[in-house]
Amino acid sequence: MILLKLLWRIKLQIQAVRGFRDVLPGEVALWHKVEEIARSVLERYGFREIRIPILEKTELFSRSIGESTDIVEKEMYTFTDRSGISLTMRPEATAGILRAYIEHSLFQLEPVSKLYCIGPMFRHERPQKGRYRQFHQINAEVLGSSDPRTDAELLALLRTLFEELGLGELDFQLNSLGCPRCRPGFRSKVAEYLGSKKAHLCSDCQRRLMTNPLRVYDCKVATCKEALAGAPVILDELCQECGAHFLSVQKNLSLLGVPFSVNPFIVRGLDYYRRTTFEVVSSDLGAQNAVCGGGRYDGLIGELGGPDLPGIGFAIGEERLVSILQGRAGVPSFSLDLFLAALGEEATEKAFFYLDKARRLGLKAEMDLRGGSLKAQMRRANKLGSRRLLILGEDELSRGVATVKDMDGGTQVEIPLEELESAMAGWKEACSQRG
Ligand code: HAM
């Protein structure tokens, strides 16, 4: 019978969609910390937040990310809505930000726009640790500047952000993908070289050979990696302008003291990149080791119907960032300023009144409305990590006082009830000063 009931319950239970994960309350404090520091650093570097829709017309992504990319070919959540329009849940934010930038003529407001957005993205990839079908990105774009100092400034921002998160050791890898002048020559050389190694390539890369040979550089399959051992390198093929741009980016990174290494195999999985591309990699993550990816996409704003303005940006994967930070000291946890324990009906009513007062004064306060013994209520206060415990028993009530215990220091004082509100205001003041 019990077994039957259990099976019935399991049958009734609905689980999350594969690759879509819940961020439970125990983890949320870390997400808040990451986003708070990210917003603070982004705004210090001149970025302003933009909020864009999750749904966009499918064509926006196929035109910007590229028809022959993995994302557009096989990873998008695309459906036809009730009006017969093909819509896609954003697999990344750059295309949507550019669409909004063009649609609202933001380029008329200022010569260079710095925009950021934080939120969920959707890709139907094979889920594994660090790779989900719904994941979150912190995304930043600089629109309107082709100056190599902008590239360096963006990487310096990332350095500051990771340092403030306590991740000073991340590896910044840099490359240039050239421009429409120098890349076609490189692409033919790659196609020719890889054509001679076709038998050693995985089936995906054999197909990529026809559609997008540069994608082979990004393949994780061992035989493909081996086949690339003597492959042509884009940095040898850059035109004079792209070469000068890349050198200037490196010079400016050195000026700002941003450590980096050049990795000519960073080709990125989206087709819109030109010139500078980069990834920030962590040795703490497994196969999915890129915490951040980005690069320049001069030409894309024009291709999407806007003015011919350059652009560059990055996106940080929040799940991967949080997963590295989880292994570190100083992970923030939820804590209370005040727990109110009451014994007896009349004391409970009073405590309930002061609970609301405390919250209105700005304190994080809680009580257990189920009541229970003082011991049980104290256990709950401890579990919630409360800084103070306020006890209102029948004895306190008859004397018109509350007992307040400092949970860290263990000291205990009695406060007359008529002074309680001003005492609580003082605790709030002390909390604010402590930060
Ligand atoms: P991306 O390299 O596709 O670039 O993604 C950026 C970051 O998002 C990755 O480095 C990774 O940390 C995270 N990420 C990507 N896919 C997943 C996934 N399935 N699960 C968990 N995390 C993931 C872009 O999206 C470009 N829009 C970046 C950009 C902005 N380039 C210029 N501006």
Side-chain angles (χ1 to χ4, degrees), residues 17-21 23 34 38 42 47 50 52 56 60-61 64-66 69-72 74-77 89-99 101 113-143 145 150-151 154-155 157-158 161-162 167 170-175 177 215 218 266-282 284-301 304 310-325:
V17 178
R18 187 165 132 81
F20 287 63
R21 60 188 285 279
V23 180
V34 164
L42 281 159
F47 285 77
I50 181 168
I52 52 163
E56 298 276 0
L60 174 69
F61 300 116
S64 53
I65 298 171
T69 56
D70 284 356
I71 298 179
V72 172
K74 51 187 185 190
E75 293 171 2
M76 296 205 301
Y77 280 90
M89 288 164 77
R90 60 184 191 195
E92 57 114 48
T94 311
I97 292 178
L98 297 200
R99 196 252 327 122
Y101 173 76
S113 299
K114 293 177 167 183
L115 304 169
Y116 78 89
C117 106
I118 300 179
M121 310 295 152
F122 305 85
R123 294 183 194 173
H124 194 277
E125 293 189 78
R126 198 167 45 78
Q128 64 180 85
K129 188 169 170 4
R131 190 162 70 192
Y132 308 99
R133 290 180 174 173
Q134 175 179 306
F135 58 97
H136 297 76
Q137 285 186 341
I138 299 169
N139 193 102
E141 312 292 346
V142 184
L143 309 173
S145 168
T150 298
D151 311 29
L154 209 56
L155 284 152
L157 181 166
L158 283 167
L161 172 52
F162 291 130
L167 299 173
L170 295 181
D171 186 12
F172 284 56
Q173 300 189 356
L174 194 66
N175 191 21
L177 287 183
R215 299 285 308 123
D218 222 13
I266 297 211
V267 288
R268 311 280 298 125
L270 304 96
D271 276 356
Y272 50 60
Y273 291 110
R274 281 192 201 167
R275 294 195 167 166
T276 315
T277 51
F278 53 87
E279 284 185 358
V280 182
V281 172
S282 163
D284 280 11
L285 297 167
Q288 305 305 320
N289 63 353
V291 183
C292 171
R296 189 163 269 293
Y297 43 80
D298 301 349
L300 182 59
I301 299 173
L304 291 175
I312 180 167
F314 67 74
I316 298 172
E318 278 193 273
E319 280 76 2
R320 295 186 191 173
L321 200 54
V322 166
S323 133
I324 307 174
L325 289 169

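Both counts, for ligands and for their atoms, begin at 1 and track the order of listing.
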*Tyr272: partners by ring-ring contact (aromatic ring centres under 6.0 Å, His included), with sequence neighbours left out*: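 For Tyr272, the residues satisfying ring-ring contact (aromatic ring centres under 6.0 Å, His included) (neighbours in sequence not counted) are Tyr297.
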Regarding [X] and [Y], does a basic nitrogen lie under 4.0 Å from an acidic carboxylate oxygen?
X      : Y      : result
Glu279 : Arg268 : yes
Arg99  : Glu56  : yes
Arg296 : Asp151 : yes

*Quick one: pull up CG in Asp298 and CZ in Arg275 and give me the separation to the nearest 0.5 Å.*
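The CZ atom of Arg275 is 6.5 Å from CG of Asp298, to the nearest 0.5 Å.
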*Does one side chain, of Asp171 or Gln173, offer a donor that lies under 3.5 Å from an acceptor on the other?*
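Yes, a side-chain donor-acceptor pair sits under 3.5 Å.
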*Enumerate the protein residues lying less than 4.0 Å from ligand 1, judged by heavy-atom distances, in chain and residue-number order.*
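Lining ligand 1 at under 4.0 Å, by heavy atoms, one finds Glu92, Thr94, Arg123, Glu125, Gly130, Arg131, Tyr132, Phe135, Gln137, Asn139, Glu141, Arg268, Leu270, Tyr272, Tyr273, Ala290, Val291, Cys292, Gly293, Gly294, Gly295, Tyr297, Gly313, Phe314, Ala315, Gly317, Arg320.
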